[in-house]
Amino acid sequence: MIVKDSEKTSDISKGLVLLMATVCGFTVANVYLNQTLLVSMSATFHISAASIGISAASIGIIATLAQIGYALGNLLLVPLGDIFERKKLILFLLFAICIVLALNALSINKTWMMVTSLALGIVTVVPQIIVPLAANIASDHNRGKVLGNVAIGLVCGILGARLVSGFIDVHFGWRMVYWTSAVATLFMIFLVYVYFPRSKGGNATSYKHLLMSLGPLFIKERALQKACVSQGMMFASFSAFWTTLVFLLHTHPYSYGSDMVGVIGLVGIAGAFATPIIGRLIDIKGEKFASLLCMSISLLAFIGLIRGGYWLPGLILGALLITVGTQANQVACQFTIFQLGEEKRSRLNGLYMVSTFLGGSLGSYLGLLAWTKWQWNGVCAIAILMIAISCCSLIPMNILRKMIGNLMNKKGSNM
C-alpha cells in the first residue's frame, strides 16, 4: 500500500509504530557509541596517556566530529524527505550507515577514525526522516500519541548506547561495537524494506532550491522559531546534566566509577516511557499546555538537585524527571511545527533538530564551564537559567517585547 503525504490514516498499527521507534533507537545510537570507547581507542592508536587531560582532549575530537556530522546531516539530508520517497531515502541511508560502521571498525589511526566518525554522524539522521513520516501517516486526533511512542526509541538509543557499547568494549573490544551495530543495521534494513509504507514527497523542486528555502522558511515561521528556542534550551539543560554527571559521581560523597553513569542512564530510559503520556495530553489539552508542564517538571528537578544531587535516590529521581521533561517537550514542539504544513515537514524537522543539537552542544560546554568554576550548584544554576529562557518561548511576542521595553525603561530611569 502506498501512503501519500496528503493522506490521513487513523489505523496506523502499533507494530509499525514500534518498528519506527526501534529503527530510530538503533540508528541514533551510532552518534553516541564512541563516547564510552575513547579510552580504548586511545590505547589502540597509541595516543600518549602521560597526561590524561591531553589524551582526553586529543581523542575527544572523535566524539565531537560525530555530533558535528549529525548536525550537518540534519541540515543537508533531512530536508530531502520533502522531495524524495521517504522509504527509499531511509533504506539508502541505512546502507550507507552499514558501510561507514565497517570503516569505523577497520580504522587504523586517529585521522581515519575522525573522518569516518564525521561521516557516520552525517548519515545517521534516519530518525529525523522517520518522525515526519510517522506524523504524516498518523491522523490528526492521535498524532501526539504516535510521536510520543516513536520518541521512546530515540531516548533509548541516546541513553542506551553508552551502556551497551561499554559492555561490548570491556568484553570484546571497541571494534566489535561497530561490527555489532553494522549487523543490527542490516537487520533494520530488512524490516524497513518489508514493513515500512511508501510515501511521496510533496515538493517537485531541485536540491539547491530546497536548501535555499531553509533560511526564508525559518524567518517566516514564528512557531518554528519558538520551538527551536524552547527545545534548544531544554536540551541544553539536559546535556549539561548528563555531561557533568560523571564528575559529580567521582566526587564526595559518591566516589563511583564511570560505569555508574550507565546505570543512572537506565533510569533515564525508564523516563522515556512517559513521552506517550505527554503525547496523549497534547491531543487532549494542546501542545502549549504540554510544553509548560514539561518545562515545569525539568525546572523542579534542577531546583531539587541543588541539594538532592548529593543524595543518590535524589539524583536518580532528578535524572528521571529531567529525561521526562526534555524528551516530552521535544514531542510537544514537533507536534507544533508539524501543523505548519505537510509538504515541508522534513525541512521543518531538519531546522528544528539542528537548533536542538546546537543547544545540546552549548549545554555541554556551559555545563563543563559551570562545573569548573562552581561545581554542581553552578551546573544546576545554569540549567535553571536555560529552562527559564525556554519558558520565554511560550510568551506571545507582543507581550515579550512589551516586557523587555518596560524593563529597559525602568533601567534607564534608575541611571
Side-chain angles (χ1 to χ4, degrees), residues 32 34-40 42 49 51-57 59-60 63 155-156 158-167 169-171 233-274 294-327 360-388:
Y32 301 92
N34 55 36
Q35 293 185 356
T36 53
L37 308 177
L38 297 177
V39 174
S40 298
S42 181
S51 168
I52 189 168
I54 296 174
S55 176
I59 198 69
V155 185
C156 290
I158 292 171
L159 297 178
R162 298 174 177 89
L163 183 67
V164 174
S165 63
F167 175 83
D169 178 36
V170 168
H171 292 87
M233 289 294 98
M234 286 289 284
F235 197 64
S237 66
F238 176 87
S239 297
F241 173 82
W242 287 103
T243 302
T244 57
L245 180 61
V246 65
F247 298 105
L248 176 65
L249 292 174
H250 273 88
T251 59
H252 180 78
Y254 296 115
S255 300
Y256 290 130
S258 301
D259 55 342
M260 192 64 181
V261 178
V263 175
I264 296 179
L266 289 177
V267 178
I269 291 175
F273 288 86
C294 296
M295 293 171 189
S296 300
I297 290 171
S298 290
L299 183 62
L300 290 174
F302 276 110
I303 292 173
L305 282 171
I306 293 174
R307 292 283 187 180
Y310 295 98
W311 180 51
L312 187 58
L315 185 63
I316 291 173
L317 178 61
L320 178 66
L321 293 177
I322 290 167
T323 303
V324 170
T326 304
Q327 300 305 321
S361 301
L362 178 65
S364 296
Y365 174 77
L366 292 180
L368 289 170
L369 187 64
W371 174 268
T372 301
K373 292 183 176 295
W374 305 292
Q375 301 293 296
W376 184 245
N377 287 346
V379 174
C380 293
I382 204 73
I384 289 170
L385 176 61
M386 292 169 179
I387 296 172

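All figures in this text were calculated on a predicted structure; none of them were measured in a lab.
For the atom pair T326 OG1 and M295 CE, the distance stands at 10.5 Å (nearest 0.5 Å). Going from atom CD1 of I387 over to atom SG of C294 covers 11.0 Å, rounded to the nearest 0.5 Å. Within the model, atoms CG of L245 and CH2 of W371 stand 9.5 Å from one another, a figure rounded to the nearest 0.5 Å. Note: L369 CG to W374 CH2 = 6.5 Å, rounded to the nearest 0.5 Å. In this structure, L248 CG and C380 SG are separated by 8.5 Å, a value rounded to the nearest 0.5 Å. Atom CG in L249 sits 9.5 Å away from atom OG1 in T244 (nearest 0.5 Å).
Every residue was checked against the side chain to side chain contact (heavy atoms under 4.5 Å, CB included) condition with L300, not counting sequence neighbours, and none meets it. Residues passing the ring pair (Phe, Tyr, Trp, His ring centres under 6.0 Å) test with H171 are F167, sequence neighbours excluded.
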What verdict does the side-chain contact (heavy atoms from CB on, under 4.5 Å) test give for M233 and L362, after you've listed the backbone C-alpha separation in whole Å, the side-chain angles of each residue and the deciding distance to 0.1 Å? CA-CA 9 Å; M233 289 294 98; L362 178 65; 4.1 Å; yes

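Distance alone, capped at 3.5 Å, places no donor-acceptor pair between the Q327 side chain and the T323 backbone.
The nearest pair of heavy atoms linking G325 to S298 is CA-OG, 3.5 Å. Annotation for A240 and G367: closest pair CB-CA, 4.0 Å, computed over non-hydrogen atoms. Among all heavy-atom pairs drawn from M386 and G363, the shortest one is CE-CA, 3.8 Å.
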For residues 305-319, which side-chain N or O atoms pair as donor and acceptor with protein atoms under 3.5 Å away, sequence neighbours left out?
none

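Aromatic pair F241/F238: ring centres not closer than 6.0 Å.
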